[in-house]
Each structure stands twice: as structure tokens, then as C-alpha cells.
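See below for the structure under consideration.
Letters A, B, ... are given to chains in the order of the sequence lines, protein chains preceding strands, and every chain is numbered from 1.
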Amino acid sequence: MDYDIPMDGEDTGPTVTIREASPAAVDFILRHVDLAFANSLRRVIMSEIPTMAIDLVEVKKNTSVLADEFICHRLGLIPLNSKSVDDVLYTRDCDCDQYCENCSVTLSLYARCTSDGVMRVFARDLVPQDPRANEWVGVPVIKDDNPDGALILKLTKGQEVEMKCIAKKGIAKEHAKWAPTAAVGFEYDPWNKLKHLDYWYEESAKDEWPVSRNGEWEDQPQEGEGVALDGQPGPFYVNVETVGGLEPDVIVQQGIKVLQQKLAGVIQELAGGDNQAETNGDGFGPRSPEGPSGGYDQGGYTTPFDQRGGASAWGGGGMTPYGATPYGQNGGNW
Amino acid sequence: MASENQDMPDAGGPVQGLTDARARQEEERQDAILVDDEQKIHVLPGSTDTSASFEFLHEDHTLGNALRYIITKNPVVELCAYSIPHPSEPKMHLRIQTFADMEDNNVYDVLRKGLMDLQDLCDVVTENFTTARDKFVQENGST
């Protein structure tokens, strides 16, 4: 950037401090970024990171007490390993008719209870079939000590289920089963110095709204201290807990990557045909999404600019065609 | 994959219903996700080189607010704001006005610069996050 972004009088750029990290969650403090950016990161982590989840189920046999749809819904919610999910295509980008090994992973479930008593069917009974895009993708997440994974259903003597499950790549914006995180903790200004919150209370807001543990990381405001009218939100206390399909640090990195892909998509379209070279020169080519689904360079986003040859689409001199185009008309201009 | 379909004898009966359901599902998906050959940005009528409104398809607060913030930081920008005109339409509007008496005040360049600055910001945050993670792992052992 060739102009400085003032950061509350400090010239440090964004900083990250990791407070806690485990295979299940990462807790960090994000400083010197704006609320707008921090919130974008949170939103993108919550809803736009691709993962794998069972999307189609072919019920071959089901003599259990549960309805087919009920079981299918449960199957969809089982976390599947999504490591290197970039190797899998979205079905909509794939050449196949319905699904194939490039855009899905097939898992088979077969269980039959032959003994007295109750048989429990777990996620471990879902068997991923080869070929697959890579060795991780689509394998049920099993984190317990037994190791069983999630309980799907129970059978008694003589009952049987046989199902063919097709796991596909997707994002949580489409269905929550593709969410990489169960929840993202996000807090700033734990002492509410900025008065962004107006607490409801019965007798005393102070007694009824205990300050979170993040409050220890900031100075307690003095009694009677006024509101900092020019105060900026931050630092941001973020806690990303995985569902199991992706490691928590990978989720954060993927989140930023998805945000960048969004930007790259817009830049690509903005550049159109005429500024192709310039855009690539700025290094956005390599930053485009990796893997076979990386569509930006493969003509995934075509624009009418391409058809105009070298003509600049952006306001050639004083002549602006934009005003002449009625909004919403699907004309050649915009 | 014709062969894939054929080895599904049990799905033979209701297969038509299945495809109908799939077509419906696909339509719903397209609301949430960008269809490939759709144009993502439009310029709204009445725009000039120093003040323009853009319409982004299939974008929301995730891009809108961050982009608004970073564009506002550009000294040639007089005003930048965004809105989502209607909650049930997947559209985001972004308005940029630049100072007429300043250089490099073409709104398209300003928008492009904003996008690239946001890319750079993402790069810095990724880098710092990775460094912090590696440092944490080094100090606390691999978790």
C-alpha cells in the first residue's frame, strides 16, 4: 500500500497473539485491524469455508425403527475429514452428470443386528470407498477413545440398514452441515467502555453482567470515566473451535484464503479483458485458488469485456455509457 | 457417469422424483452461490468517473463492510458506503465518491485499489497468524 493506514497513532500493522491452541480449538487475539475486517473474517469462517459432508443417500434397506429421512439427516451432519478438500471439485463445476470420484466420496453403510440386545451403529461403520481425491477427504471424524465416532442409530435383532452415502464438497452458507466450526467466539471491549452494548438489567447491570475472562487483558475503567467517543473497537478475542473436519489453525488460514478468493474474483472481473496482464503482474494469478477448482484463470468467470477485445471497458475518456443503460436491462454494456 | 447411475437398481422407481428434487435443490443453491458465467459487478446508472455506485451480485456484509472500510482509508475518497437494498436479494451496493480536484480520483481505480489493499491486509494477517502459531507450537510443544 502506498499510503499509510493510521492505526490509532500506532504504526504497527495487524498483530496476532495465540493464547491457547489444541487439536480442537485455537484462541487468539487479533489487534490493529478494523472491526469491519475482523467481522469479515468471522463471517467467512462461519459460512464460506468448503468442507465435505454427506449430501446424497441411497437407502437400499432400512428396517430400523427410524424413518429414512431421519437417518439421512443424521448422516449429513456427521463430520467428515476435509483436509486438502481443494482436491475435490464442486459437483456443479464437474463434468459428470450426477457425481463422480472427482467431486464426491462414496461411503457405504451396512449394519445388521443378529444377536439379542441392542446394536449401535457408529460413524466408524461408514466405509469410504476408493477411488478418492486424496487419502483424507471424506473419512468420518473419530475423536473418542473407543474409537467409535458419532452414534448414528440403534438396531435390535433382525433389523438391518444398508445405505450408499455420497459426500460432496460444499459451504455452510448452503447448509449448516458443511460448517467447519460449531461456533466462533468473538469479543471486543469486554468492559464495554465504548458503550456498544446497552445492558438490560433488573437492579444492577454490573452485578448481572459479569465481565468475561477477556476483561483480564484490558484495564478496568475508572469509576465515572466517560465514554471514549473516538475509541475504536479492538483488540478482538477470537476462539475458533473445529467440528473435527479441519484443524482449527487451518480453518483460520482457509478463512482468509476464501476472503482473498472473493476479492480475486471481483478484481478479475473488474480487470476484464483489458487489464489482464496488469492483474497478473500484480501477482493475483498465483493467489487464485489452488487445486482443480481454481476457476478464475480457467474462464470460470467470463465477462463481456473479454469479447470486446482490447477496448477499455472503463469509461473511455469523458464518454460514459453507464448513464444510458437502464438499470436492470440485460444489455451488452453492464 | 452413466455407469454410476446404472448400478443403482433400487433408485429406479422414484428416479424422476429424485431428479426433480435435485433440480429444485440446484435452483436454491444458485441463490446462495455464484453461477459461473454470471456477471458479478454492475455499475448503476448515473455514475461518473468520480462518483459511481456498483452492484455486486452474491456478496454481502462480508465483503461490503471490509471493502467500505479500506476504501474509506484512501485519501482521494470523499465518501464510501455500502448497503444491502433488500435482504432477500443476493445483492450488495457500494457507493464511491472521490474528490474532483485530486489526482488519481477515478472511482474504478479506487475500487480496484481497495480490493488489492484488502488482499494485502489478508496477506499480512495470514503471515502474522502463521508466525504466531509456529511460535506457540515451538514454546508449548505440538498440540
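Looking at A:Arg42, there are no atoms closer than 4.5 Å to chain B (heavy atoms on both sides), in backbone or side chain. Contact of A:Leu30 with chain B is made through the side chain alone, with heavy-atom distances under 4.5 Å.
For A:Tyr237, there are no ring pair (Phe, Tyr, Trp, His ring centres under 6.0 Å) partners, not counting sequence neighbours. Partners of B:Glu139 under the salt bridge (charged side-chain N to carboxylate O under 4.0 Å, His left out) rule, at least two apart in sequence or in another chain, do not exist in this structure.
Here the straight-line distance linking atom CG of B:Asp123 with atom NZ of A:Lys257 works out to 12.5 Å at 0.5 Å rounding. Atom CG in B:Leu115 sits 6.5 Å away from atom CG in A:Leu270 (nearest 0.5 Å). How far CG of A:Leu263 is from CG of B:Leu118: 4.5 Å, rounded to the nearest 0.5 Å. Of the inter-residue distances, the one linking B:Cys122 atom SG with A:Ile256 atom CD1 reads 6.5 Å to the nearest 0.5 angstrom. Within the model, atoms CG of A:Asp27 and CZ of B:Phe136 stand 9.0 Å from one another, a figure rounded to the nearest 0.5 Å.
Residues in residues 94-110 of chain B take part in these salt bridge (charged side-chain N to carboxylate O under 4.0 Å, His left out) pairs, two or more places apart or across chains: B:Asp109-B:Arg112.
Side-chain contact check for A:Val266 versus B:Leu63: some heavy-atom pair is nearer than 4.5 Å. A heavy-atom distance below 4.5 Å is found between the side chains of B:Gln119 and A:Ile267.
Across every non-hydrogen atom of B:Ala66 and A:Phe37, the tightest pair is CB-CA, 4.4 Å. The two residues B:Lys40 and A:Glu269 have their closest heavy-atom pair at N-OE2, 2.7 Å.
The choice from A:Val252, A:Leu259, A:Val26 that makes the most heavy-atom pairs within less than 4.5 Å of chain B is A:Val252.
Counted within 6.0 Å of CD on B:Glu78, heavy atoms from surrounding residues, nucleotides or ligands total more than 12; the atom is thus considered enclosed. Open room surrounds CD on B:Gln138; 12 or fewer heavy atoms of other groups in view lie less than 6.0 Å from it. Heavy-atom neighbours of A:Glu20 CD from other residues, nucleotides or ligands within 6.0 Å: at or below the threshold of 12.
For residues 125-133 of chain B, a heavy-atom distance under 4.5 Å to chain A picks out B:Val125, B:Thr126, B:Asn128, B:Phe129, B:Thr130, B:Ala132, B:Arg133, given by residue number.
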**Asked** Under the side chain to side chain contact (heavy atoms under 4.5 Å, CB included) criterion, do A:Lys173 and B:Asp60 qualify, and how do the steps go?
**Response** CA-CA 12 Å; A:Lys173 214 183 205 178; B:Asp60 53 15; 3.9 Å; yes
